[in-house]
Structures are given as structure tokens and as C-alpha cells.
Student: 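Attaching a single structure in C-alpha cells format; questions to follow.
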Amino acid sequence: MIRPILIHPDPRLKKVCDPVGEITPEIRQLAADMLETMYDAPGIGLAAPQVGVTKRLIVMDCIKEGDPEPMALVNPQIVWSSEDLSTYEEGCLSIPEQYAEVKRPAEVRVRWRALDGSEQERQFSGLWATCVQHEIDHLDGKLFIDYLGPLKRQMITRKMEKLKRERARA
Ligand code: K1U
Ligand code: ZN
């Protein structure tokens, strides 16, 4: 099922999300819905708070061409970050049509639980590294615009408030 994506500003996007306890059929269904919602958008990642569920679950697929590589990460944690940084022009499905350069560690090592309950650890680089950091930020109530200066952030927030008013009227 495709779920509606929350648009900034929304208090649910500012919350520090709760860890997932047991991986129940509801959590597996949420992950499946999030992947469907992400592919439909289209996007390369999605975090549970973006569909209004404040739990620590993210999905990603950064393969732009070729066989898809869907991933669902429960309780993801960055256990190591590289000193070298990389800059990427980021977007966000909760902040449509706004993009800005964000500088982040170029490589990260992440530990998480898969949907079968197994512990996983993997090093991410390139777009995967940017995306996993962007998605884990969502779980901590942080958006890519929080890395920008106050004027740019306020300008984008005002545009999103206007977009939400227009969508509510339509
Ligand atoms: O979390 C999100 O809002 C999803 C976001 C992830 C992301 C994008 C760019 C850098 C870091 C994280 C998106 O997927 S925005 C859409 C997007 O990037 C895209 C859409 C279609 C094809 C390729 C990329
Ligand atoms: Zn986002």
C-alpha cells in the first residue's frame, strides 16, 4: 500500500523516533509499504517518520539503473564515519522540489537488524553513504535543511507552508 508522505513542517518529522522492539508482521508490512511508497515517489530512500510512524526503520535503494536492491534497516546505527567528507546535492520527499548541497562523511559503517531479525553490518560509500545518513537523520528528527543557514532554511520552510496550504485547498 502506498502511504501518504508528510510534508515539512510537521511535528512528527522533528521527533526522535523510538527503537523497534520485536519485528512483528506489522513492522514487515510497514517496511513493504515504505518500499512501495519510495519507488512510487520516486525516491532512493524513505524513513518511517515520513509516513507518520515514529519508529526507527528506514528503507533504501540507490541503484538508479539495473536490478533493484531494496534494503530495510531496523534500528540502524552508525558505528564508524570516515574523516573525509563528500558533498552531494540532496533532496527530500518531505521537502519536494528543494535541493541543497550537504557535506557529510564520505563513508560510514552501519549496524542494523534485518526483517528476519539477523544482525547486519556494512560499509556504505558514494550515494548509499549519503542516503543512509540522510535517512538516519530523519530518525533523529533532523532534515537536510537543518545543515543550511537560517535564511535559506526559513525560505524553504515558507515555501513548504505555502505548498501545504495550496494542497489543502485543492
Ligand atoms: O528521505 C527522503 O526524503 C528520500 C530522499 C533521499 C535522498 C536523496 C538525495 C540525497 C540523500 C537522500 C530522496 O529520495 S529525494 C528523490 C531523489 O533523490 C531521487 C528521485 C528519483 C531518482 C533519483 C533520485
Ligand atoms: Zn528526506
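Ligands are counted one by one from 1 in listed order, and the atoms in each one are counted from 1 as well.
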Student: Which atoms of ligand 1 are found less than 4.0 Å from any heavy atom of C92?
Tutor: 3 (O), 15 (S)
Student: Among all the protein's non-hydrogen atoms, which is closest to atom 10 (C) of ligand 1, and how far away is it?
Tutor: E90 CG, 3.7 Å
Student: Between M38 and ligand 1, which part of the residue brings a heavy atom under 4.0 Å of the ligand: side chain, backbone, both or neither?
Tutor: neither
Student: Name the closest protein heavy atom to atom 3 (O) of ligand 1, giving the residue it belongs to and the distance to 0.1 Å.
Tutor: L93 N, 2.7 Å
Student: In ligand 1, which numbered atoms sit nearer than 4.0 Å to a non-hydrogen atom of E135?
Tutor: 1 (O), 2 (C), 4 (C), 6 (C)
Student: Please determine which of H138, Q50, H8, R12 meets the side chain to side chain donor-acceptor pair (under 3.5 Å) test together with S94.
Tutor: Q50
Student: Show the atoms of ligand 1 that are less than 4.0 angstrom away from any heavy atom in G45.
Tutor: 1 (O), 2 (C), 4 (C), 14 (O)
Student: Does E121 come within less than 4.0 Å of R109, counting only side-chain N to carboxylate O?
Tutor: yes
Student: Does an N or O from Y88, backbone or side chain, lie closer than 3.5 Å to an N or O of ligand 1?
Tutor: no
Student: Which of the atoms in ligand 1, numbered in the order shown and given with their element, are less than 4.0 Å from a heavy-atom of H138?
Tutor: 1 (O), 3 (O)
Student: Of G91, A41, A47, which has the heavy atom at the shortest distance from atom 9 (C) of ligand 1?
Tutor: G91
Student: Which value, rounded to the nearest 0.5 Å, describes the distance between M38 atom CE and I2 atom CD1?
Tutor: 12.0 Å
Student: Go through ligand 1 atom by atom and flag the ones less than 4.0 Å from a non-hydrogen atom of P42.
Tutor: 16 (C), 20 (C), 21 (C)
Student: Between E97 and K159 (salt bridge meaning N to carboxylate O under 4.0 Å), is one present in this structure?
Tutor: no
Student: Hey, is E161 close enough to R165 for a salt bridge, meaning N to O under 4.0 Å?
Tutor: no
Student: H134 versus ligand 1: do any nitrogen or oxygen atoms come within less than 3.5 Å of each other?
Tutor: yes
Student: Which heavy atom of the protein is the closest neighbour of atom 13 (C) of ligand 1, given with residue, atom name and distance?
Tutor: I44 N, 3.9 Å
Student: Using the rule side chain to side chain contact (heavy atoms under 4.5 Å, CB included), only one of T54, D140, N75 pairs with C17; which is it?
Tutor: T54
Student: Hey, quick one: are L93 and L13 part of the same hydrophobic cluster, counting side-chain heavy atoms closer than 4.5 Å, chains of contacts allowed?
Tutor: no
Student: Should Q29 and D33 be marked as a side chain to side chain donor-acceptor pair (under 3.5 Å) after you check the CA-CA gap, both sets of side-chain angles, and the distance that decides it?
Tutor: CA-CA 6 Å; Q29 186 59 55; D33 288 353; 2.9 Å; yes
Student: Please determine whether the number of non-hydrogen atoms from other residues, nucleotides or ligands lying under 6.0 Å from atom CD of E119 exceeds 12.
Tutor: yes
Student: Does Q50 come within less than 4.0 angstrom of ligand 1, counting non-hydrogen atoms of the residue?
Tutor: yes
Student: Find, among atoms of H138 that are N, O or S, the one nearest to the Zn ion (ligand 2), and state its name.
Tutor: NE2
